[in-house]
Amino acid sequence: MKRVYNFSPGPAILPVPVLEEASKSVIEISNSGMSILEVSHRGKIYEAIHQDARAHCLKLMGLSPEEYTVIFMGGGASTQFATVPLNFLKPGQTADYVDGGEWGSKAIAAAKPLGNVHIAGSSAATKHSTLPRDFQWTPGAAYAHLTTNNTIEGTQMRFIPDAGSPVILDASSDFLGHRMDWKKASLVYLGAQKNAGPAGVTIIIAKKSFLATAKTDIPVVLQYNTHDKADSLYNTPPVFSIYIFSLVLKWIESQGGVEGLEKINQRKAQTIYDVLDAHSDVYDAAVTKKDDRSWMNLTWRLRDTSREEAFFKGAKERSLDGLKGHRNVGGFRASIYNAFPEEGCQVLAEYLKEFAKK
Ligand code: PMP
């Protein structure tokens with residue numbers, strides 16, 4: 001099979017060695033006479049995969065299992081938009097939210113009916129083409145919620161601000177793409193389907209001392225503590241997605257860990273941004289502030305929008321797939337997550353150069 005350069009924003013490209021190993025396991029896992037799709041989530045085979053993924057995830061984040069825990073849930077990151085305030089926003093308290101893009105706005109909309117929400121920072125004035133700055137944190141807030149990478153708009157916060165309250169991060173679209181001082185976060189969540197695996201599992205990394213403060217008057221299955229106390233085996237987890245996540249973690253290790261990937265990711269993004277900037281008469285990069293630019297989702301428009309169809313046609317001829325911008329913003333978006341090959345970025349950069357000269 002000839003693989004295309006898959007720039008899809010998620011579900012997204014996965015490492016080929018992961019797909020190869022997974023395809024064998026779909027037939028038989030660990031000489032068990034069973035497919036990974038058939039084994040019990042209470043059996044030895046799956047339990048080893050499950051615990052290995054949890055431990056490995058913390059290791060790659062530089063977190064200790066004494067202090068932090070990993071929980072697997074369903075429902076995607078969108079369900080976490082509600083689960084977070086349900087667990088941590090108590091009556092009389094305020095939660096700080098940073099509105100850095102459409103997903104941050106959705107998190108805010110989900111929290112508002114559940115308690116007091118304060119917008120501590122927003123980039124709405126620049127239509128989210130910059131990162132929010134000048135945060136106004138609430139003293140004694142229940143928590144501060146931020147989105148690390150704004151998948152739709154193409155901005156990325158590669159640091160964790162000091163909010164003065166427990167920091168909660170939606171890291172759905174840049175998890176383990178670069179080094180982060182995760183110790184500064186009390187809870188991190190992500191839908192796996194961009195940088196960590198296939199759709200179906202939502203990964204939550206939480207500080208145990210923060211979980212200890214969670215509410216207990218909400219449905220049992222929505223309490224993070226219910227899952228944590230059961231080693232994230234309270235109910236049937238999305239076994240196959242967690243299995244692929246475990247393989248992705250091993251693949252990250254083989255790339256020199258997060259540090260190794262960071263170098264590659266930065267280089268990949270630069271290859272494309274350089275061409276967009278060199279041909280700014282043709283391309284209008286959506287994020288102009290270089291420090292705010294995402295290394296995962298690169299967004300731009302054509303100054304002459306009448307050439308869009310021609311751009312897509314040429315891209316298709318070069319097996320460059322999935323470059324359409326999000327339906328709400330239009331234009332183009334290249335999602336170049338961890339598994340996206342550097343060679344594909346070079347092919348896109350060459351095409352951008354060629355197209356600019358026409
Ligand atoms: N947050 C971010 C930053 C995202 O990019 C996405 C999905 N594109 C979501 C949340 C929503 O994720 P899900 O579809 O898993 O609910």
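Every value quoted in this text rests on a predicted model; they were computed, and no experiment measured them. In listed order, ligands and their atoms are each counted from 1.
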Worked check of side chain to side chain donor-acceptor pair (under 3.5 Å) between K106 and S78
CA-CA 8 Å; K106 287 211 165 110; S78 301; over 6 Å; no
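- One finds the CG atom of N225 at 13.0 Å from the OH atom of Y234 (value rounded to the nearest 0.5 Å).
- Those atoms of ligand 1 that come under 4.0 Å of a heavy atom in N149, given as number and element, are 3 (C).
- For the 3.5 Å distance criterion, the side chains of Q80 and Y224 qualify, holding a donor opposite an acceptor.
- Across the listed options E102, K106, K194, Q193, K194 owns the non-hydrogen atom lying nearest to atom 8 (N) of ligand 1.
- Using modelled atom types and a 3.5 Å distance limit, the side chains of S123 and H128 yield a donor-acceptor pair.
- D170 OD2, 2.6 Å is the protein heavy atom nearest to atom 1 (N) of ligand 1.
- A donor and an acceptor atom, one from each side chain of Y243 and S25, are located under 3.5 Å apart.
- Those atoms of ligand 1 with a heavy atom of G76 less than 4.0 angstrom away are 15 (O), 16 (O).
- At a 3.5 angstrom cut-off on N or O pairs, S78 counts as close to ligand 1.
- Atoms of ligand 1 lying under 4.0 Å from at least one heavy atom of S172, given by number and element, are 1 (N), 2 (C), 3 (C), 4 (C), 10 (C).
- Heavy atoms of T147 found under 4.0 angstrom from ligand 1 belong exclusively to the side chain.
- Counting the atoms of ligand 1 from 1 in the order shown, those under 4.0 Å from a heavy atom of T151 are 2 (C), 3 (C), 4 (C), 5 (O).
- Looking at A77 next to ligand 1, an N or O pair under 3.5 Å apart turns up.
- Between the side chains of N150 and Q156, no donor N or O sits under 3.5 Å from an acceptor N or O.
- With hydrogens and angles left out, the side-chain atoms of D170 and T147 include no donor and acceptor closer than 3.5 Å.
- Ranking the protein heavy atoms by distance from atom 6 (C) of ligand 1 puts W103 CE2, 3.4 Å first.
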